[in-house]
Amino acid sequence: MKQKIVIIGGGVAGLTAGIYAQKAGFDSVIYEKNPLLGGQCTGWKRKGFYIDNCITWLTNGAPKFPVYKMWKAVGFLGDENGNEIPCRQHEAFWRSEHNGQSYTFWADLERAEKEMLELSPQDKKEIKSFFKAVRQCEHLLVPYTAPLDLMGLGELTAIGLKLLPVGIAMQKYKNCDLNDLAARFKHPLLQRAFKDYLPGDYLASIFMNAYASIANGGGGVPDGGSLKVAQRMKAIYEKLGGVCHANSPVKEIILEDSPSGKKGQKRAAGILLESGEKVLGDYVIPSCDTHYVFEKLLDARYMPPRLKYAYDHPEEHKNGSTFHIVYECSTPAPEIGGRTYFDCRPFELAGVTINRLNMKNYKLDPVNAPADKALIEVKVLEKEPQYLYWKNLRETDKAAYDAAKQKAGADILKRLEERVPSLKGKLSYLDSWTPYTYTRWCNSYMGNFMTFITTKKSSNLFNVKGTLKGLDNVVLAGQWLSMPGGLPMAMTSGKFAVQRILRSQGKSIKIEP
């Protein structure tokens, strides 16, 4: 009789865990609290427009990268019948405007470097150094065959050699955040541009790796966007024999004494649903937000020490999220291209004065908007104080919460029209969501859609194995196990959780791909 793995959470990590549990010969079942599986990897329709919540780019999402096989196998770049899904590549990362000048971080690094040198010849030394580092980061590979601690010496050595150029770049910019990087440049636009996409306290290496992921041709967006990815993952899982239960929130993980007889040692017998139903299993994989796991599903004493330290030291491990808003445009809006940052008249949003905004025309995929219209998105980076503002407002006065979103929509709309006068009267509010939306939908800690912000005070090598001291048969999965989080970490953690179960049984951990 096959052993049963119970998976809590049907996001990317949970669906990946389910897919590999089935491939490894287990029976598995996923319990998801929402009506749809996918977690943060989702999107929705509004008035004929498709709004995507998640995928901005994939790391190593092209056939030339080894992990492409896994992206395809789990549903990002392949379907349940083995067909490949096209991945649309970006022409640029973003564009920054300031004081009448502009600069674009093109995916074509030669063009990007040439234009930056033309913009600021006085910064030649730093420009050359920066682009050399980005080119070195193009060698970044996502380890996917097994967790590093379960790899053999030969495989670890091979990966280390391939990542050597990345390590050299990281060492050169060690303990350098984006504030430091921007300060190295003399040109005012470049000083501004390097802090546009990510907060200034983010490590420069995070930005360099992200830029390189787009520049190396592997950072595209799958056709159909995030919602289609989630649907394909579910279809692949079910074709392998997996079972999904939506609208099934979990109340707790049921524990019992371990058969090992070791004093204080426990094991999971299964889970208790909010409905009161008990689901028994041989193993449990919580693939949801780790703070939620140890706040609601398990006693906090089981939390891995590295995670506990991170949560207990917010000054070192900061939280970050985003306020999103999208507008319907009655024309294709060719005046707005990819993500563009610009100065604007100051206004208040969630208690903070905003004097710089960004806009993006979602036109990479035809699914986003009708051919004669456009979907325009604006994102405002927010941290813990803004999250608490939205949380308190939503929990105490929903009408005021909705009114605050509507006011933000009106304030931002005015500034978009001021920046692009030709679109005056052609834009209308479509939808918006706040950092607290991520908590309501995915139980996200402090509204984070990734993990902690990776700063000079946090550990860039933050890595949690997922096994829990004191519990025999519970293995964590999810992006929170490794900074900086994101889709690669979520996906691979699901496979790694199944491999840890196999290793605990003394079995081969090889599962292809």
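In what follows, residues are counted from 1 in the order of the sequence shown.
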J.: Where do G18 and S28 come nearest, in terms of heavy atoms and distance?
T.: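 Reported closest heavy-atom pair: O-OG, 3.7 Å.
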
J.: Assess, by modelled atom type and distance only, whether the side chains of Q499 and Y20 contain a donor and an acceptor separated by less than 3.5 Å.
T.: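 No, no side-chain donor-acceptor contact under 3.5 Å.
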
J.: Do T42 side-chain atoms and G39 backbone N/O form a donor-acceptor pair below 3.5 Å?
T.: no

J.: Between L430 and Y327, does the side chain to side chain contact (heavy atoms under 4.5 Å, CB included) criterion hold? Intermediate values first, please.
T.: CA-CA 5 Å; L430 190 61; Y327 298 89; 5.6 Å; no

J.: Does this structure show an ion pair linking E377 with R339, if we count only N-O contacts that are shorter than 4.0 Å?
T.: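 Yes.
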
J.: Roughly how far, to the nearest 0.5 Å, is CZ of R440 from CD of E395?
T.: 10.0 Å

J.: Could you tell me whether the side chain of M303 reaches within less than 4.5 Å of the side chain of L298, counting heavy atoms only?
T.: no

J.: Under the side chain to side chain contact (heavy atoms under 4.5 Å, CB included) criterion, do I253 and Y302 qualify, and how do the steps go?
T.: CA-CA 12 Å; I253 296 174; Y302 296 114; over 6 Å; no

J.: Using the side chain to side chain contact (heavy atoms under 4.5 Å, CB included) rule, pick out the option among H324, K405, Q406 that qualifies with S432.
T.: K405

J.: Might you point out which heavy atoms bring N448 and G320 nearest each other, and give the distance in Å?
T.: OD1-N, 3.0 Å

J.: Is any side-chain N of the basic residue among R232 and E80 closer than 4.0 Å to the acidic one's carboxylate O?
T.: no

J.: Which value, rounded to the nearest 0.5 Å, describes the distance between L468 atom CG and L476 atom CG?
T.: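 Going from CG on L468 over to CG on L476, the span is 4.5 Å.
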
J.: Whether K72 and E84 form a salt bridge (side-chain N of Lys/Arg under 4.0 Å from carboxylate O of Asp/Glu) is what I want to check.
T.: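 The answer is yes: the pair qualifies as a salt bridge.
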
J.: Atom NZ of residue position K296 - does it have more than 12 heavy atoms of other residues, nucleotides or ligands inside 6.0 Å?
T.: no

J.: Establish, yes or no, whether a centroid distance under 6.0 Å links the rings of W57 and F93.
T.: yes

J.: If you measure from CD on E238 to CD1 on I19, what distance do you get to the nearest 0.5 Å?
T.: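 If we round to the nearest 0.5 Å, E238:CD and I19:CD1 are 10.5 Å apart.
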
J.: I'd like to know if the side chain of N34 and the backbone of L36 have a donor-acceptor N/O pair within less than 3.5 Å.
T.: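 No, N34 side chain to L36 backbone: no donor-acceptor pair under 3.5 Å.
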
J.: Do M233 and F76 have side chains that approach each other closer than 4.5 Å (heavy atoms only, starting at C-beta)?
T.: yes

J.: When the aromatic ring centroids of Y445 and Y311 are compared, is their separation below 6.0 Å?
T.: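 Ring centres of Y311 and Y445 closer than 6.0 Å.
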
J.: Would you call D149 and R500 a salt bridge, using N to O less than 4.0 angstrom?
T.: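 A salt bridge is present here (some side-chain N lies under 4.0 Å from a carboxylate O).
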
J.: So, Y283 versus Q505: side-chain donor-acceptor pair below 3.5 Å or not?
T.: yes

J.: Distance only, no hydrogens: is a donor on one side chain within 3.5 Å (strictly under) of an acceptor on the other, for N53 and W433?
T.: yes

J.: Side chains of D196 and N358: does their closest heavy-atom pair fall under 4.5 Å?
T.: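 A side-chain contact under 4.5 Å is absent here.
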
J.: With a 4.5 Å cut-off on side-chain heavy atoms, are K23 and P513 touching?
T.: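 Sidechains of K23 and P513: in contact.
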
J.: Do you know which of I8, V250, I7 makes side chain to side chain contact (heavy atoms under 4.5 Å, CB included) with C288?
T.: I8

J.: For the atom pair CE (M359) and CD1 (I376), what is the distance rounded to the nearest 0.5 Å?
T.: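 Here the rounded value is 8.5 Å.
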
J.: I'd like to know if the side chain of N319 and the backbone of M446 have a donor-acceptor N/O pair within less than 3.5 Å.
T.: no

J.: Using modelled atom types and a 3.5 Å cut-off, is there a donor and acceptor pairing between side-chain atoms of S226 and backbone atoms of I55?
T.: yes

J.: Please report the interatomic distance CD1(I509) to NZ(K495), rounded to the nearest 0.5 Å.
T.: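 Output value for this atom pair is 9.0 Å.
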
J.: Is the side chain of D223 donor-acceptor paired with the backbone N or O of V367 at a distance under 3.5 Å, no angle test?
T.: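 No, because the side chain of D223 does not come within donor-acceptor range (under 3.5 Å) of the backbone of V367.
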
J.: Return yes when atom NZ of K64 has more than 12 non-hydrogen atoms of other residues, nucleotides or ligands closer than 6.0 Å, and no otherwise.
T.: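 Yes.
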
J.: Identify the two heavy atoms, one from G241 and one from Q22, that lie closest to each other, and give their separation to 0.1 Å.
T.: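 Smallest interatomic distance, heavy atoms only, reads C-NE2, 3.5 Å.
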
J.: Can any side-chain N or O of N361 pair as donor or acceptor with the backbone N or O of G337 at less than 3.5 Å?
T.: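 Between the backbone of G337 and the side chain of N361 there is no qualifying donor-acceptor contact (under 3.5 Å).
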
J.: Does the side chain to side chain contact (heavy atoms under 4.5 Å, CB included) test come out yes or no for I325 and Y429, once each step is laid out?
T.: CA-CA 8 Å; I325 190 162; Y429 173 89; 3.7 Å; yes

J.: Take D431 and W44 through the test side chain to side chain contact (heavy atoms under 4.5 Å, CB included) and record every step on the way to the result.
T.: CA-CA 10 Å; D431 201 1; W44 53 93; 2.9 Å; yes

J.: With distance as the sole test, does R306 use its side chain to make a donor-acceptor pair with the main-chain N or O of N463 at under 3.5 Å?
T.: yes

J.: Side chains of N473 and V284, heavy atoms from C-beta outward: is any pair under 4.5 Å?
T.: no

J.: If I compare all heavy atoms of A17 with all of V498, which pair ends up nearest, and what's the gap?
T.: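 It is O-CG2, 3.4 Å.
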
J.: Are any of the side-chain heavy atoms of Y144 and M491 separated by less than 4.5 Å?
T.: no

J.: Any side-chain heavy atom of I453 within less than 4.5 Å of one from K383?
T.: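 Answer yes - side chains close enough.
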
J.: For the atom pair CD1 (I30) and NZ (K234), what is the distance rounded to the nearest 0.5 Å?
T.: 9.5 Å

J.: Exactly one of Y197, W106, Y211 should register a ring pair (Phe, Tyr, Trp, His ring centres under 6.0 Å) with W94. Which one does?
T.: Y197

J.: Using modelled atom types only, decide if a donor and an acceptor are shared between the side chain of T340 and the backbone of G338 within a distance under 3.5 Å.
T.: yes

J.: Would you name the heavy atoms of A404 and W390 that are closest together and state the gap between them?
T.: CB-CZ3, 3.8 Å

J.: Identify the two heavy atoms, one from T322 and one from Y438, that lie closest to each other, and give their separation to 0.1 Å.
T.: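 Taking every non-hydrogen atom into account, O-CE1, 4.3 Å.
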
J.: Taking atom types as modelled and ignoring hydrogens, do the side chains of D289 and S444 form a donor-acceptor contact shorter than 3.5 angstrom?
T.: no

J.: For atom NZ of K33, decide whether the heavy atoms of other residues, nucleotides or ligands shown that lie under 6.0 angstrom number more than 12.
T.: yes

J.: Given 3.5 Å as the limit, does a donor-acceptor pair link the side chain of T434 with the main chain of F323, or not?
T.: no

J.: Using distance alone, with no hydrogens and no angle criterion, decide if Q479 and S493 have a side-chain donor and acceptor under 3.5 Å apart.
T.: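 No - no donor-acceptor pair under 3.5 Å links their side chains.
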
J.: A side-chain contact here means heavy atoms from C-beta on lying under 4.5 Å apart; do F65 and N216 qualify?
T.: yes

